[in-house]
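To start, the structure itself, in structure tokens.
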Amino acid sequence: MTAVTDQDPTEHTDQPDDHARKSDARKADDRKADDREADARTADARSADAREAYAREAYARKAVPGGDSTRGAPDGERAARTDSASTEVWDDGLIARRVNETAEGDRFPMTDNRSAVPSTVIPLVYEGPLRSRLEALHELVGLSRTRLDSRTLSEAGRVLDEASARRRLSGQHTVVAIAGATGSGKSQLFNALAGVTISETGVRRPTTAAPIACSWSDGGAGLIERLGIPPRLRRRPLLSGGGESPLRGLVLIDLPDHDSAAVQHRLHVDRILALVDAVIWVVDPEKYADAVLHERYLRPMAAHAEVMFVVLNQIDRLPGEAAEQVLDDLRRLLDEDGIALGEYGEPGTTVLALSALTGDGVGELREALGQFVSDRGAANRRISADVDIAAARLWPVYATQRRTGLSEQAREEFSDRLADAVGATAAGEAAERAWLRNANRACGTPWLRLWRWYQDRGEPTTGRLPSRTQADEEATARQRVEQAVRTVADRASAGLPAPWAQAVREAAVRGSQGLPEALDELTVRAGVPAGRPPRPGWWPVAVLVQASMTILQFLGGLWLLGQIIGVMAPNLGVPVLLMVIGIVGGPLIEWSCRMAARGPARRYGLEAERRLREAAAGCGRARVLDPVAAELLRYREVREQYGRVVGTGR
């Protein structure tokens with residue numbers, strides 16, 4: 001490879017006069033060459049490049065309806081894109097101009113001499129499983145926005161945004177970044193792969209101040225613009241011969257040092273590493289075990305093992321078998337970082353040793369890169385790894401190891417607690433007693449009813465326990481309702497991740513507001529009906545028979561009275577028999593009616609209790625259980641979507 005300098009190699013062999021004449025002739029030839037190059041560039045821009053720019057703009061308008069192709073790009077990029085109409089101009093940098101100025105004779109050109117071939121950018125197509133995972137992640141984020149904070153969902157949102165942006169760009173290109181520490185020789189490797197000095201190298205640190213792009217084929221301008229690299233920092237490699245380059249489709253990015261003292265350089269590295277399809281990490285024998293490299297970059301990017309290369313550079317500085325020893329130790333460190341190594345045909349990180357200075361091992365890296373780029377799968381694998389990382393970060397807020405939800409037993413217990421709060425059992429018992437009391441009044445003997453009335457009237461009020469006030473009963477009922485709500489909320493949220501458990505509890509608390517008052521209204525409407533309980537069909541017969549017994553007593557008594565005063569003939573047998581039948585038959589009929597009334601009274605009380613229980617359960621279900629069930633259903637939906645995101649389908 002011939003070094004590119006500003007000095008003319010013929011200056012030290014000419015005399016002053018000859019030098020002046022040759023310099024004038026050379027300047028004239030340069031002007032003619034520049035004119036020819038300008039004419040050719042103008043013609044190409046009007047034909048091939050203009051058509052390519054129009055195709056890209058048309059596709060961008062189709063992919064983003066109503067959108068501006070320059071929207072979201074940095075100001076410098078937007079201006080560059082507008083000025084150049086999205087055409088790829090690669091020879092506008094300082095180094096390229098130096099090469100073009102001396103591109104005569106046997107010197108090789110910096111840019112490809114082939115004319116631009118009009119081509120339409122073919123967008124990236126995500127494979128079936130990855131497309132399904134991205135759709136599930138989109139649904140997951142949508143369902144979770146009102147339950148999780150934006151910081152928790154930020155990584156997932158970023159992955160979706162970047163996946164959408166990458167999908168609209170070329171799927172025939174693979175963007176690979178070369179990253180490394182200060183003095184690792186990454187710029188030297190960048191130049192070795194390009195076949196020409198593109199990125200400056202030297203002992204000054206840091207040498208690379210801004211990322212530089214080199215593309216092996218047309219159509220990758222959108223990818224480079226996405227990285228924020230201006231046109232003045234875009235280059236073309238040296239393509240030897242007339243055949244197609246094995247690296248066709250590669251867009252190589254030389255990054256600043258990740259450990260640079262300049263903060264802006266590190267920001268460039270972090271920003272671009274999040275956008276490229278693959279990374280080549282360049283390490284040297286001195287810093288390959290640097291803690292900053294492993295803890296800040298390699299370990300967090302362990303999921304991206306399939307789109308990473310780790311290159312041990314400067315092996316020419318290691319004597320004997322030291323290179324193999326360092327390489328083995330590097331593999332050990334990568335394994336400790338959790339990075340899968342692509343050995344024995346297994347997918348993973350490719351680890352190589354080379355010397356960018358002597359070229360030893362560069363061909364092997366170029367061959368591996370060529371195979372990697374020709375597969376056209378790096379972008380899919382990179383996005384898939386990003387989804388894996390986002391899913392791993394969301395694990396604590398979606399995953400649970402136990403069965404969640406409300407069991408039927410918990411629902412029944414909640415209904416029972418509400419029924420107790422409204423006094424459903426007491427109301428049923430009261431209804432039963434009312435039915436029995438009504439039966440006793442209808443079928444009891446008049447003498448017994450009179451005696452009970454007299455006892456109730458004459459019983460003193462002193463010494464009785466004071467009954468509970470209505471305020472105390474309402475306070476107790478409210479406490480029971482609150483306890484029932486807390487219990488069902490705790491059972492429903494048991495085992496859920498913290499955000500969803502909190503959402504379930506909040507839904508239960510919202511539903512409990514106004515629940516005691518609603519239960520009171522239901523108690524009035526669904527309690528024991530006003531008035532007397534309904535009477536069965538046999539009651540009139542019992543009343544008639546009881547009246548007959550009373551009449552028999554009166555007849556027997558009058559008959560005896562008539563005999564005593566001499567109005568009627570003496571005959572004690574008949575009147576006494578009538579009185580005995582009336583006296584014995586009345587209580588017997590009352591007892592029989594009481595026994596017969598127990599069944600209907602019990603059914604009447606149970607019916608009153610059932611109505612009140614169902615009313616309380618319906619109110620509690622509408623106000624508490626349904627909102628809680630809705631939150632649990634939402635969690636099950638997001639859990640299902642999360643299963644699709646992680647690829648389990650659960």
Exercise for review: Please report the shortest heavy-atom distance between Val279 and Ala179, naming the atom on each side.
Suggested key: CG1-CB, 4.2 Å
Practice item. Run the salt-bridge test on Arg610 and Glu607 with the 4.0 Å N-O cut-off and return the result as yes or no. Key: yes
Review point. Do Arg613 and Ser415 have side-chain atoms, one donor and one acceptor, less than 3.5 Å apart?
Key: no
**Study point:** Nearest atoms (heavy-atom pairs only) where Arg411 meets Ala629
**Key:** NH2-CB, 4.2 Å
Check your understanding: Hey, are the side chains of Leu632 and Leu496 touching, using non-hydrogen atoms and a 4.5 Å cut-off?
Key -> yes
Check your understanding: Can you find a pair of side-chain heavy atoms, one from Arg417 and one from Gln483, that are under 4.5 Å apart?
Key -> yes
Review point. Given Asp386, which of Glu155, Glu162, His304 fulfils the side-chain contact (heavy atoms from CB on, under 4.5 Å) condition?
Key: His304
Study note, to complete from the structure: One should read off an interatomic distance between Tyr604 OH and Leu606 CG, to the nearest 0.5 angstrom, of 12.5 Å
Review point. Among all residues two or more places apart in sequence or in another chain, which pass the ring-ring contact (aromatic ring centres under 6.0 Å, His included) test with Tyr297?
Key: His258, Trp281
**Study point:** side-chain hydrogen bond (donor to acceptor under 3.5 Å, both in side chains) involving Ser164 - partner list, sequence neighbours excluded
**Key:** Arg168
Exercise for review: Evaluate the side-chain proximity of Arg226 to Leu275: yes if any heavy-atom separation is below 4.5 Å, no if none is.
Suggested key: yes
Review point. Does Glu127 come within less than 4.0 Å of Arg131, counting only side-chain N to carboxylate O?
Key: no
Check your understanding: Less than 4.0 Å between a side-chain N and a carboxylate O, is that true for Arg133 and Asp388?
Key -> yes
Point to revise | Residues Glu413 and Gln409: side-chain donor-acceptor under 3.5 angstrom | key: yes
**Study point:** Polar contact flag, side-chain donor to acceptor under 3.5 angstrom, Tyr398-Ser144
**Key:** yes
**Study point:** Non-hydrogen side-chain atoms of Leu137 and Leu160 separated by less than 4.5 Å
**Key:** yes
Review point. Hey, does Tyr126 have a side-chain heavy atom less than 4.5 Å from the side chain of Arg166?
Key: yes
Check your understanding: OG1/Thr425 to CG/Leu612 distance, rounded to the nearest 0.5 angstrom?
Key -> 9.0 Å
Review point. Regarding Gln641 and Glu637, is there a side-chain donor-to-acceptor distance under 3.5 Å anywhere?
Key: no
Check your understanding: Tell me, do Leu333 and Leu298 make a side-chain contact under 4.5 Å, heavy atoms counted?
Key -> no
Check your understanding: Can you tell me how far CG of Leu227 sits from NE2 of His268, rounded to the nearest 0.5 angstrom?
Key -> 11.5 Å
Exercise for review: Count the heavy atoms belonging to other residues, nucleotides or ligands that lie under 6.0 Å from NE2 of His294, then report whether that count exceeds 12.
Suggested key: yes
With a cut-off of 3.5 Å and sequence neighbours excluded, list every side-chain donor-acceptor pair involving residues 507-517.
unit_1 : atom_1 : unit_2 : atom_2 : d
Ser512 : OG     : Val509 : O      : 2.7
Glu517 : OE2    : Arg478 : NH2    : 2.6

Review point. Is there side-chain contact between Asp277 and Val307, with at least one heavy-atom pair below 4.5 Å?
Key: no
**Study point:** Pair Arg147 + Glu631: basic N to acidic O under 4.0 Å
**Key:** yes
Practice item. Take Arg271 and Leu267, measure what side-chain contact (heavy atoms from CB on, under 4.5 Å) needs, and give me the verdict at the end. Key: CA-CA 6 Å; Arg271 178 179 59 82; Leu267 294 178; over 6 Å; no
**Study point:** Non-hydrogen side-chain atoms of Arg296 and Arg266 separated by less than 4.5 Å
**Key:** yes
Practice item. Under the side chain to side chain donor-acceptor pair (under 3.5 Å) rule, what do Thr487 and Asp490 come out as? Steps first, then yes or no, please. Key: CA-CA 5 Å; Thr487 302; Asp490 291 340; 5.9 Å; no
